[in-house]
Novice: 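Okay, here's the structure, questions in a sec.
Being a predicted model, the structure only gives us computed values, none of them experimental. Order of the sequence lines fixes the chain letters, A, B, ..., with proteins taken first and strands second; residue numbering starts at 1 for each chain.
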Protein chains: 2
Amino acid sequence: MGAQPLWREIAEDLQQQIERGEWRPGALLPPEVELRARYNASRNTVRDALKWLSTRGLVQSRAGRGTFVAETVDPFVVTMTATGPGGGETDPYLEDSRLQGRDSTLTTPRVEIQKADADVAAGLRIGEGELVVLRHQQRMVDGRPCSLHTTFYPHRLVEEGAERLRVADPIREGVSRYLDETLDLRETGFRDRLIARPPNKIESMFFRIPDDGSISMIGVTRVGFDQHGRPLRLIVTVYAADRNHLVYDIGQVPPAT
Amino acid sequence: MGAQPLWREIAEDLQQQIERGEWRPGALLPPEVELRARYNASRNTVRDALKWLSTRGLVQSRAGRGTFVAETVDPFVVTMTATGPGGGETDPYLEDSRLQGRDSTLTTPRVEIQKADADVAAGLRIGEGELVVLRHQQRMVDGRPCSLHTTFYPHRLVEEGAERLRVADPIREGVSRYLDETLDLRETGFRDRLIARPPNKIESMFFRIPDDGSISMIGVTRVGFDQHGRPLRLIVTVYAADRNHLVYDIGQVPPAT
DNA sequence: CCGTATTTGTTCGTATGTATT
DNA sequence: CAATACATACGAACAAATACG
């Protein structure tokens, strides 16, 4: 076997001990000097091992305190195909959170008007540089930041009468209903495109996760289409992968147990 | 300003240069000794910077060769809601690959019979330890390993007549059609549950990605239900996040441009 | 095929800084 | 203030992989 570097041996030994539950999540690992003695390696080699565990999300080190076994978060299950009355800003995940006994809150939207960049323009099928209304929101579950939402509406919707879109007040009855009542536009379908990638600096700060890429982001780009097959809005959502599971129910699906 | 470690300064400087395109993807970065001179830092500090870039997937180092700017892979777009004739092993993504001008192949299934562990039993709503038929398959796109599939069928389906499930031959007409014709069971809905996580050792080897967690896996657990609302099969798929985008079309969605 | 130069990988040592208790 | 523990940064030596003549 062997031929494996010492730091890797140490890392995998520690990994097995963690996975066997010899240390509970949140427990303090022995300090580096003690591991150095235990494995008969230099402190740098022990640190290489701990770093590897850290980038895989198994441990977390804090200066002056020690190295801890990572806490396992009970993931929040987000039903992406929820058909609530709103589907908008009155919290489409309220049902999810109620079922899971969680406390989910959406912040009041922060609203901007910008020119569409290439990606937004392509999604909404408008010209690059045309105006769009952005509505930013943040979701907290049990006090923990869980996801970041940005919805882009073509500014033409405002011009045609949906004035409240550019006001930084929650549209309590749901944006879908508001657009239906105001402009007779209904979101009759949507296309979600999912990717996973490392967090950027802003996301690391918002989600309070280490910026070593140990926890990745799930990015969902949703284009909603109206009854005429025209893009109605573009929702860009970023989920922290350690605390969210995404669920799609397609066709006839019995309720979850 | 400062208050930022030297290795991080170096890393972000290199990151900006990469993102500004001063090195093309695949290009060779200057060797560590040269960066050491350029930034007036020790080789270990330069290596810390390169390691940070590496775990974020921006560069890749190879012993004896050098450090390269990561190649950007043109992602394969997988339509998760495809309603092909098979929906099974005749390649549900054939349409996707044809549209994208890609060459997609599925390996011949490797078949096993096992006892259901807790997760599989819960998904299929059978007792833990009951027999299940596993069918493993691998997907390659343009010669690159793209996803790993394992489908679990309750062994009762075999006992009731679907004998071909336990034979390691592709079911060319599609498992869905086979089960319909044999047992009058149709998959009328499914529930997908998505997570993102670091690769394990096996996945690192199969997908040929570094095992530092720089590229994460997207795991999809699909439970398919028959017309009676009973779980028909459990499909566990692992996608390498750097080369796959997942798409869900819900409701009325115009064709992609 | 062999030997050499180049480049990254591993491992050690040491010193000092910073955060926490 | 002192003790503890991790973070940063330097230097050095050798191993392993690769490329090239």
Side-chain angles (χ1 to χ4, degrees), chain A residues 1-14 18 23 26-70 204 208-214, chain B residues 1-14 18 23 26-71 204-205 208-214:
Chain A
M1 290 272 110
Q4 194 159 224
L6 181 54
W7 66 264
R8 187 64 187 268
E9 298 274 7
I10 298 171
E12 292 190 358
D13 190 47
L14 290 170
I18 290 168
W23 287 293
L28 188 59
L29 257 59
E32 290 169 358
V33 272
E34 195 185 315
L35 294 175
R36 173 192 181 317
R38 180 182 303 186
Y39 289 106
N40 195 26
S42 80
R43 188 173 156 230
N44 282 334
T45 303
V46 169
R47 280 180 63 75
D48 282 345
L50 291 175
K51 181 152 206 168
W52 188 79
L53 293 172
S54 174
T55 58
R56 329 200 96 230
L58 280 138
V59 305
Q60 201 174 341
S61 295
R62 273 174 284 184
R65 303 210 36 207
T67 301
F68 299 83
V69 178
S204 289
R208 284 182 236 129
I209 52 178
D211 62 0
D212 57 3
S214 55
Chain B
M1 287 269 109
Q4 195 159 228
L6 180 55
W7 66 264
R8 187 64 186 268
E9 298 273 9
I10 298 171
E12 293 190 358
D13 190 47
L14 290 170
I18 290 168
W23 287 294
L28 188 60
L29 257 59
E32 290 168 359
V33 273
E34 195 185 313
L35 295 175
R36 171 191 180 329
R38 180 181 303 186
Y39 289 106
N40 195 29
S42 78
R43 187 177 158 224
N44 280 334
T45 302
V46 169
R47 281 180 63 76
D48 282 345
L50 292 174
K51 180 151 206 166
W52 188 80
L53 294 172
S54 175
T55 59
R56 329 202 92 228
L58 281 137
V59 304
Q60 201 173 341
S61 296
R62 273 175 283 182
R65 307 227 10 223
T67 302
F68 299 83
V69 178
E71 306 265 8
S204 290
M205 287 182 54
R208 285 183 235 130
I209 52 178
D211 62 0
D212 57 2
S214 55

Novice: Which residues within residues 32-47 of chain A lie with some heavy atom under 4.0 Å of an atom in DNA chain C?
Specialist: A:Arg36, A:Asn40, A:Ala41, A:Ser42, A:Asn44, A:Thr45

Novice: Rounding to a whole Å, what distance do you find between B:Leu6:CG and D:dG11:P?
Specialist: 11 Å

Novice: Tell me whether A:Glu12 is salt-bridged to A:Arg8, with the criterion being a basic N under 4.0 Å from an acidic carboxylate O.
Specialist: yes

Novice: Shortest non-hydrogen contact from A:Leu50 to A:Glu32?
Specialist: CD1-CG, 3.8 Å

Novice: Could you walk me through whether A:Val59 and A:Leu29 pass side-chain contact (heavy atoms from CB on, under 4.5 Å), step by step?
Specialist: CA-CA 9 Å; A:Val59 305; A:Leu29 257 59; 4.3 Å; yes

Novice: Which atom names give the shortest non-hydrogen contact between A:Ser204 and A:Pro210, and what distance separates them?
Specialist: OG-O, 4.1 Å

Novice: Nearest-Å distance, CG (B:Leu29) to C1' (C:dT6)?
Specialist: 16 Å

Novice: Under the side-chain contact (heavy atoms from CB on, under 4.5 Å) rule, what do A:Tyr39 and A:Asp13 come out as? Steps first, then yes or no, please.
Specialist: CA-CA 10 Å; A:Tyr39 289 106; A:Asp13 190 47; 2.5 Å; yes

Novice: Does anything in residues 58-69 of chain B come within less than 4.0 Å of DNA chain D? Heavy atoms only, and list the residues if so.
Specialist: B:Ala63, B:Gly64, B:Arg65

Novice: Give A:Leu50 one of three labels, base, sugar-phosphate or nothing, depending on what nucleic acid heavy atoms sit under 4.0 Å from its own.
Specialist: nothing

Novice: Rounded to the nearest 0.5 Å, how far does CZ of A:Arg56 lie from CG of B:Asp211?
Specialist: 6.0 Å

Novice: Round to a whole Å and report the spacing from CD of B:Gln4 to C1' of C:dG17.
Specialist: 16 Å

Novice: What is the distance from NZ of B:Lys51 to C1' of C:dG9, rounded to the nearest Å?
Specialist: 10 Å

Novice: If I take atom CG in residue A:Asp48 and atom P in nucleotide C:dT11, what distance separates them, rounded to the nearest angstrom?
Specialist: 8 Å

Novice: With distance as the sole criterion, is a donor-acceptor pair present between the side chains of B:Ser42 and B:Asn44 under 3.5 Å?
Specialist: no

Novice: Tell me, with the steps shown, if B:Trp23 and B:Leu14 meet side-chain contact (heavy atoms from CB on, under 4.5 Å).
Specialist: CA-CA 10 Å; B:Trp23 287 294; B:Leu14 290 170; 4.0 Å; yes

